[in-house]
Asker: 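Take this structure first; my questions come after.
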Amino acid sequence: LGDSTRGLMFPTLWPLVHSLGGTKANQGIIVAAFSMGRVIVSPFYGLISSKRGYRDILIFAHLIVAFGALWYNRVISLRGLLLAQICLGLGCGTLGVTRSYVAESVEKRDRTVYLGRLTAMQYCGFTCTPFLGSLMFHLGNKINTENFSLGNTLIQVDPLSFPAFLIFLGSLAAIVMLIFSFHDLTPEKRAQLQRHHEFKSTSRDQLSTVTSTTSLNNGSTINEEIGPILTQAQIKRREDLCAIVGLILNVITKGSIGCYETIGVIYAQQNFRMPGPDVGFVVAACGAIGVASLLAFKQLGKYFDDVTLMFGGIAVMIISCLLLIDRIRPDILFQDHPDLAKKTWVAAIFLMYSIGYPIGHTAVIGWFSKAMGKRPQGFLMGLFASAGSVARVGFPIMTGFVAQQHGLDTVFIILSIMLAVTYFIIFIFKSSFRHAIH
């Protein structure tokens, strides 16, 4: 539901901002406001879930979502829209909580697969629900055309803000399910489950073939497959460094998709005069394929490790950005084939939403969770989600201002360079990235 909130508003957010007198810069700030709410509460939600369990904090968050949806539905100014977005972000700051719940419910070796499935649900909420947002827009138009009235109710039938009605209903449904059918993990149950996982892992290790080890001069040992066996102090330093690296990778990948979210509709309207709802249909279709990619993570994991999947995902993201840079494309070819520019845009959206971001970012999540070892997943995943929200604050704001002042090309050039530098850094230190999760 948290990412569905973002997805449902995607097709109509820019038209709504524009109808209220906003500019591209305002659009960036409005998009960032949602993530600002998430930044504020994500670590707090993660900390509470680690200490008290998951049910109570999730119910509290969804109550805020319900209130924010009603607020969004009745906005009449840019300031009201900004505050409604912040309120929705405060309620949707549970991304780290849900990731922590999954990470603590399964064994370490299975985390990437199950986090991939969770990410598939979250990604479906973000990328497939624009289809529903477009439908709600058309439904709102039909209601207004037929002069149908909901009477003196809390719901306002404005086609541009009517998608918030689905968010309101979804939050109420989520609260009911949390109360009656959610299996909570309290600290006591969490400790019991961890002991069970450790027992299974130890039993499996005893049955496996023992690899040969060679003594080192300092008294430690080295495993010929995974490198030196580290002391506790060395492990702690490595985990601290991995935490910083993981947060940076999260910021870069999340920030990239945040840029697309900010100017995706603007790009299509500016170049092809596509209505926002039609853009929503394209993003939803590509997002559905991205969900399929995430559900196939178990099969991908048989052939590629997390580091290789990060390589592939980021490489595809780079190609997507390059396709949207007008100045490096053969203009003469596009003049001969007017529809080719639009097809190129669809290809770029496909590469980003169907392959690059879902696979690259999910691999980062799995790598980060494994690299943190036995540290409390609740707070760490809350911090991870908060870092991603910081990216979705900073990148959309910068994207809006850069697009306003220097054009859309400059945005995609900057993104391409940033992702290319990230790719080469991972390539140079790929062995260290792999040792961190063994």
Side-chain angles (χ1 to χ4, degrees), residues 1-17 27 29-42 45 57-75 80-99 118-137 140 154-156 158-175 177-178 254 257-258 260-262 264-265 276-277 280 283-284 287 291 353 385-386 388-389 391-393 396:
L1 181 64
D3 285 273
S4 296
T5 301
R6 192 192 298 273
L8 277 165
M9 312 306 187
F10 175 82
T12 56
L13 184 58
W14 165 243
L16 179 58
V17 170
Q27 166 79 350
I29 294 172
I30 296 296
V31 170
F34 179 86
S35 296
M36 177 62 74
R38 277 184 157 181
V39 169
I40 295 170
V41 297
S42 288
Y45 285 173
I57 196 64
L58 288 172
I59 291 175
F60 172 77
H62 284 87
L63 287 172
I64 298 178
V65 173
F67 177 75
L70 292 176
W71 192 346
Y72 187 102
N73 179 251
R74 303 183 69 86
V75 294
L81 181 58
L82 177 72
L83 294 176
Q85 282 279 87
I86 293 175
C87 183
L88 285 169
L90 291 173
C92 295
T94 55
L95 191 59
V97 175
T98 54
R99 286 174 179 167
L118 174 66
T119 304
M121 295 300 296
Q122 294 165 340
Y123 193 66
C124 178
F126 169 53
T127 59
C128 296
T129 53
F131 172 78
L132 294 176
S134 300
L135 289 181
M136 291 298 288
F137 170 81
L154 293 174
I155 304 301
Q156 176 177 310
D158 181 336
L160 296 178
S161 60
F162 195 48
F165 180 54
L166 275 185
I167 299 298
F168 176 72
L169 294 178
S171 60
L172 296 184
I175 291 171
M177 288 188 288
L178 285 167
K254 276 275 191 180
I257 200 70
Y260 274 64
E261 178 188 356
T262 305
V265 175
V283 172
V291 171
Y353 282 87
S386 186
S389 296
R392 286 196 179 246
V393 172

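The structure presented is a predicted model; accordingly, all values stated were derived computationally and were not measured. Just so you know, these numbers use all the heavy atoms, side chains as well, and skip hydrogens, waters and symmetry mates.
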Asker: Return the minimal non-hydrogen interatomic distance between Trp71 and Gly80, and the atom names on each side.
Answerer: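 The answer is NE1-O, 3.8 Å.
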
Asker: Do you know which two heavy atoms are closest between Arg38 and Leu95, and how far apart they sit?
Answerer: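 That would be NH1-CD2, 4.4 Å.
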
Asker: Please tell me if the side chains of Thr12 and Met136 come closer than 4.5 Å, counting only heavy atoms from C-beta onward.
Answerer: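 Side chain of Thr12 against side chain of Met136, heavy atoms only: no contact under 4.5 Å found.
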
Asker: With Ser35, which residues qualify under side-chain hydrogen bond (donor to acceptor under 3.5 Å, both in side chains), at least two apart?
Answerer: Arg6

Asker: Can you name the nearest heavy-atom pair linking Gly91 to Ile64, along with the distance?
Answerer: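 Smallest heavy-atom distance, with atoms named: N-CG2, 3.7 Å.
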
Asker: Just so I know, are the side chains of Ile257 and Tyr353 near enough to count as touching, which here means a heavy-atom distance under 4.5 Å?
Answerer: yes

Asker: What's the shortest heavy-atom distance between Gly93 and Val41, and which atoms?
Answerer: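 That closest heavy-atom pairing would be CA-CG2, 3.9 Å.
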
Asker: Between Pro163 and Gly133, what is the shortest heavy-atom contact and its length?
Answerer: CG-O, 3.8 Å

Asker: So, using side-chain hydrogen bond (donor to acceptor under 3.5 Å, both in side chains) as the criterion, who are the partners of Tyr72 when residues are at least two apart?
Answerer: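 Not a single residue meets the side-chain hydrogen bond (donor to acceptor under 3.5 Å, both in side chains) criterion with Tyr72.
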
Asker: Ignoring hydrogens, what is the shortest heavy-atom contact between Leu90 and Gly37? Give both atom names and the distance.
Answerer: CD2-O, 3.4 Å

Asker: Identify each donor-acceptor pair in which a side-chain atom of residues 166-175 lies under 3.5 Å from a protein atom, sequence neighbours left out, and give them as a table.
Answerer:
from: Ser171; atom 1: OG; to: Ile167; atom 2: O; distance (Å): 3.3
from: Ser171; atom 1: OG; to: Phe168; atom 2: O; distance (Å): 2.7

Asker: Are any non-hydrogen side-chain atoms of Thr94 and Ile57 less than 4.5 angstrom apart?
Answerer: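 A side-chain contact is absent here, since even the closest heavy-atom pair is not under 4.5 Å.
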
Asker: Any chance you could measure Met121, atom CE, to Leu1, atom CG, to the nearest 0.5 Å?
Answerer: 11.0 Å

Asker: Distance check, rounded to the nearest 0.5 Å: Phe67 atom CZ versus Leu88 atom CG?
Answerer: 10.0 Å

Asker: How many angstroms lie between CG in Leu8 and CZ in Phe137, if you round to the nearest 0.5 Å?
Answerer: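 Leu8 CG to Phe137 CZ: 14.5 Å, rounded to 0.5 Å.
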
Asker: To the nearest 0.5 Å, what is the distance between CG (Leu16) and CG (Leu81)?
Answerer: 5.0 Å

